[in-house]
Amino acid sequence: MNRVPKLIKFPKELVQLVEDYRKQHKIRTFSGAVYDLLKKGLQGDNDNAR
């Protein structure tokens, strides 16, 4: 997978939620947790596909 660097600022509350998710699912990195959550969100959003 080719990766493209992006700078993004998260609200503190969202960072904590992602960290909690990361720990619960034993994901090693914050980025890995974000990737997982994005994939799940996008797969669950098929009803609103453009």
Side-chain angles (χ1 to χ4, degrees):
M1 169 185 354
N2 291 333
R3 297 185 188 266
V4 178
K6 295 288 184 181
L7 176 63
I8 183 169
K9 294 182 181 183
F10 291 89
K12 288 181 182 181
E13 298 82 11
L14 186 56
V15 169
Q16 188 58 56
L17 290 171
V18 174
E19 282 293 341
D20 292 345
Y21 178 88
R22 182 185 69 76
K23 291 173 186 173
Q24 289 171 358
H25 291 85
K26 296 180 172 70
I27 299 172
R28 292 185 338 157
T29 65
F30 183 86
S31 294
V34 171
Y35 298 156
D36 194 46
L37 288 163
L38 280 169
K39 285 184 205 173
K40 286 182 178 191
L42 291 170
Q43 289 170 354
D45 197 27
N46 288 335
D47 294 337
N48 297 322
R50 294 179 192 179

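Because the structure is a prediction, the values reported are computed rather than measured.
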Below 3.5 Å, can you tabulate the donor-acceptor pairs from side chains in residues 19-27 to any protein atom, sequence neighbours excluded?
{"residue": "Glu19", "atom": "OE1", "partner": "Arg22", "partner atom": "NE", "Å": "2.8"}
{"residue": "Glu19", "atom": "OE1", "partner": "Arg22", "partner atom": "NH2", "Å": "3.0"}
{"residue": "Asp20", "atom": "OD1", "partner": "Gln16", "partner atom": "NE2", "Å": "2.8"}
{"residue": "Tyr21", "atom": "OH", "partner": "Asp36", "partner atom": "OD2", "Å": "2.3"}
{"residue": "Tyr21", "atom": "OH", "partner": "Lys40", "partner atom": "NZ", "Å": "3.0"}
{"residue": "Arg22", "atom": "NH1", "partner": "Ile27", "partner atom": "O", "Å": "3.2"}
{"residue": "His25", "atom": "ND1", "partner": "Tyr21", "partner atom": "O", "Å": "3.0"}

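There is a path of hydrophobic side-chain contacts, each under 4.5 Å, that joins Leu38 to Leu14. The same ILVMFWY cluster, assembled from side-chain heavy atoms under 4.5 Å apart, contains both Leu37 and Phe10. In terms of hydrophobic clustering, with Ile, Leu, Val, Met, Phe, Trp and Tyr side chains grouped at heavy-atom distances under 4.5 Å, Ile8 and Phe30 are assigned to a common cluster.
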